[in-house]
Amino acid sequence: MLQVPFIRENKDAVIKGLAKRNIDATQMINDVIDLDEDRRGLQTQLDNILAESNSLSKEIGNLYKSGETQKANILKEKTSQLKEDSKALNEQLNEKAEALNQLLYKIPNVPNTLVPSGNSEDDNEEVFRKGDIPVLHKDAIPHWELAKKYDIIDFELGNKITGAGFPVYKGKGARLQRALIAYFLDKNTAAGYTEYQLPHLVNEASGFGTGQLPDKEGQMYHVTEDNLYLIPTAEVPGTNIFRDELLNESDLPIGITGYTPCFRREAGSYGAHVRGLNRLHQFDKVEILRVEHPSRSYKALDEMVEHVKMILDELKLPYRILRLCGGDLGFTSALTYDFEVFSTAQDRWLEISSVSNFETFQANRLKLRFKNSDGKNELAHTLNGSSLALPRVLAGILENYQTEDGIKIPDVLVPYTGFEKI
RNA sequence: GGAGAAAUGGCAGAGUGGUCGAAUGCGGCAGUCUUGAAAACUGUUGAGGGUCACACCUCCGGGGGUUCGAAUCCCUCUUUCUCCGCCA
């Protein structure tokens with residue numbers, strides 16, 4: 001969430017920035033400033049009362065010590081009124097603070113100046129494109145048909161065991177999946193990211209820290225018995241490693257990577273575009289994640305983009321990079337680049353990675369700070385990106401590498417699969 | 001799942017009703033010494049709110065209570081450790 005002092009000092013810029021998300025935040029921002037002012041006023045009143053009752057207590061203590069019980073008892077009576085007043089004020093203060101927080105939770109991050117305004121994904125800005133789109137043979141088919149033809153992914157079996165959106169990978173399909181995970185992790189650790197294995201369920205505080213809660217709980221599976229949530233992305237457990245941490249400046253930058261399954265309810269998304277592997281309730285993803293000094297977080301974002309590009313180059317998949325417009329930008333992000341692979345047999349682009357800088361938006365909720373060179377505690381910047389989301393990479397490989405007599409495995413993956421063809 | 005013990009500053013660890021935001025050690029920062037570094041020595045160093053700056057207020061796992069006054073007493077929740085049981 002945004003910091004109140006920042007809002008106070010950059011009111012117009014915040015409103016202008018949020019306008020790129022097609023939000024007129026004028027009212028909300030004014031309310032934040034008013035609520036905060038009220039809150040501070042109440043706090044000052046309360047502090048004064050508490051100060052008075054503190055000094056009375058001290059006096060009473062001294063009077064008792066010197067045996068002047070009567071005088072002490074007179075002072076005691078005075079404190080009861082102060083107590084009532086402070087209780088009432090405290091209640092008002094809590095209400096104000098709660099109202100302020102509720103409002104702050106509703107305000108998304110301010111987009112970076114690079115973010116184009118726009119309403120939907122149609123307004124995203126293509127900033128890079130690479131790779132030749134292969135010319136396939138005339139009988140080329142989409143991946144869900146290839147999956148059946150070569151018996152490597154069984155969607156119906158998943159329906160039986162769990163439900164729609166939980167595919168079963170078999171044989172060379174399962175092996176290819178595992179190969180991709182190992183390959184991605186190797187690339188990431190070679191680039192300096194430390195590998196982590198993270199919990200797949202998180203508590204409420206973690207969901208809150210990265211911004212999934214309180215508003216987007218509908219996206220996550222909720223284990224009500226234990227009040228835990230299945231992770232929608234490794235970003236949640238990964239970033240929460242640093243919740244309530246005070247780091248040294250020399251600890252930065254921090255880079256971690258991890259493979260996890262991801263669980264998403266995807267309530268309300270159905271239709272032709274969700275066939276096969278295109279949209280699932282459970283899928284695998286390898287994530288990269290950074291904690292950065294604010295002065296170099298955008299450099300880090302560029303490095304992450306370059307890193308993902310390098311992987312796609314090696315896989316020899318045709319891809320493009322989009323800079324998300326205000327209307328498509330995630331709630332917590334200040335700047336996001338989406339990577340899309342061209343799926344030849346479906347004749348459409350599939351999103352396979354999303355790399356974002358959250359600046360201090362998550363860190364503020366997480367209380368993720370570092371001690372800067374002035375000795376002051378400062379919020380760090382958090383970033384993350386997929387490297388990569390498995391199902392659509394798999395779809396892209398199956399479709400783009402299909403030939404009349406089988407599916408070729410990209411060269412860089414052969415050492416991991418142990419076979420060259422499906 | 002049952003029984004017991006515990007939770008204190010960046011970390012470790014004292015503190016059992018007022019003089020405690022809290023001893024001490026480590027770490028951090030600054031300095032002395034040194035060609036430089038290390039060691040040693042000296043000083044300094046919790047967080048949040050508030051203020052132009054002070055003052056002042058809050059915080060000793062979370063929540064509630066007793067008291068004029070709570071890190072300290074009571075209730076409750078969570079977590080950790082030890083023992084027992086079960087178990088991949």
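Counting to the nearest Å, the C1' atom of B:G49 and the CZ atom of A:Arg8 are 11 Å from each other. Distance A:Leu63 CG to B:G18 P: 17 Å, rounded to the nearest Å. Rounded to a whole Å, the CZ atom of A:Arg40 is 11 Å from the P atom of B:G49. Rounding to whole angstrom units, CD of residue A:Glu245 and P of B:G9 are separated by 12 Å. Rounded to a whole Å, the CG atom of A:Asn54 is 15 Å from the P atom of B:C20. Put simply, CD on A:Glu77 is 15 Å from P on B:U67, counting in whole angstrom units. Atom-to-atom, NZ of A:Lys367 to P of B:G10 comes out at 13 Å; the value is rounded to the nearest Å. Rounding to whole angstrom units, CG of residue A:Asp244 and C1' of B:G48 are separated by 13 Å.
The same atom, C1', is picked in B:G61 and in B:U67; the two are 23 Å apart, to the nearest Å. Across the P atoms, B:G85 and B:C77 are found 27 Å apart, a figure rounded to whole Å. Comparing the same atom, C1', in B:U58 and in B:C74 gives a spacing of 23 Å after rounding to whole Å. Across the P atoms, B:A5 and B:U76 are found 14 Å apart, a figure rounded to whole Å. Annotation: B:G46 and B:C29 have their C1' atoms spaced 14 Å apart (nearest Å). Separation of the C1' atoms belonging to B:A70 and B:C87 is 44 Å when rounded to the nearest angstrom. To the nearest whole angstrom, the two P atoms, one in B:A6 and one in B:G10, are 24 Å apart. Here the separation of B:U80 from B:U8, taken at their C1' atoms, is 15 Å to the nearest Å.
Base pairing of B:U32 is made with B:A40, judged by Watson-Crick or G-U wobble geometry with both donor-acceptor distances under 3.5 Å. The pairing partner recorded for B:A88 is none, the criterion being a Watson-Crick or G-U wobble arrangement whose two distances lie under 3.5 angstrom. Figure legend. B:C11 is base-paired to B:G25; pairs are counted as Watson-Crick or G-U wobble with both atom distances under 3.5 Å. In this structure B:A5 sits in a base pair with B:U80, meeting the Watson-Crick or G-U test at under 3.5 Å. In this structure, B:U67 makes no Watson-Crick or G-U wobble pair, since no nucleotide meets both defining distances under 3.5 angstrom. The pairing partner recorded for B:C59 is B:G46, the criterion being a Watson-Crick or G-U wobble arrangement whose two distances lie under 3.5 angstrom. Using Watson-Crick or G-U wobble geometry with both donor-acceptor distances under 3.5 Å, B:C54 finds no partner in any strand shown.
Note on A:Asn248: nothing from the nucleic acid sits closer than 4.0 angstrom, heavy atoms only. Nucleic acid contact class of A:Lys78 (heavy atoms, under 4.0 Å, all strands): none. Using a 4.0 Å heavy-atom distance criterion, A:Leu56 is classed as making no nucleic acid contact. In this structure, A:Thr44 reaches neither bases nor backbone, as no heavy-atom distance under 4.0 Å exists between it and the strands shown.
Ion pairing between a basic and an acidic side chain is recognised when a charged N comes within 4.0 Å of a carboxylate O; A:Asp411 and A:Lys408 show such pairing. One finds a salt bridge joining A:Glu306 and A:Lys309 here, because a Lys/Arg side-chain nitrogen approaches an Asp/Glu carboxylate oxygen to under 4.0 Å. By the 4.0 Å N-to-carboxylate-O rule, A:Glu156 lies too far from A:Lys160 to be salt-bridged with it.
A donor-acceptor pair shorter than 3.5 Å can be found between the side chains of A:Glu359 and A:Tyr298. A:Asp47 and A:Gln43 are linked by a side-chain donor-acceptor pair at a separation below 3.5 angstrom, with hydrogens and angles left out of the test.
Comparing A:Ser55 and A:Asn377 by the nucleotide of RNA chain B that holds the closest heavy atom to each, the one mapping nearer the 5' end is A:Asn377. Both A:Asn48 and A:Leu246 lie close to RNA chain B; mapped to their nearest nucleotides by heavy-atom distance, the more 5′-ward contact belongs to A:Leu246.
Within the structure, side-chain hydrogen bond (donor to acceptor under 3.5 Å, both in side chains) contacts touching residues 183-198 of chain A (residues at least two apart or in different chains) are A:Tyr183-A:Glu314, A:Asp186-A:Tyr416, A:Lys187-A:Glu314, A:Asn188-A:Thr257, A:Asn188-A:His307, A:Asn188-A:Ser387, A:Tyr193-A:Arg290.
Stacking of A:Lys172 on the aromatic ring of A:Phe419 is recorded, both the 6.0 Å distance cut-off and the 45° axial limit being met.
Distances shorter than 4.0 Å separate none of the side-chain N or O atoms of A:Arg369 from OP1 or OP2 on B:G10. Contact between the side-chain N/O atoms of A:Lys371 and the OP1/OP2 oxygens of B:G46 is not found at any separation under 4.0 Å.
Between the side chain of A:Asp47 and the base of B:G49 there is at least one donor-acceptor pair of N/O atoms closer than 3.5 Å.
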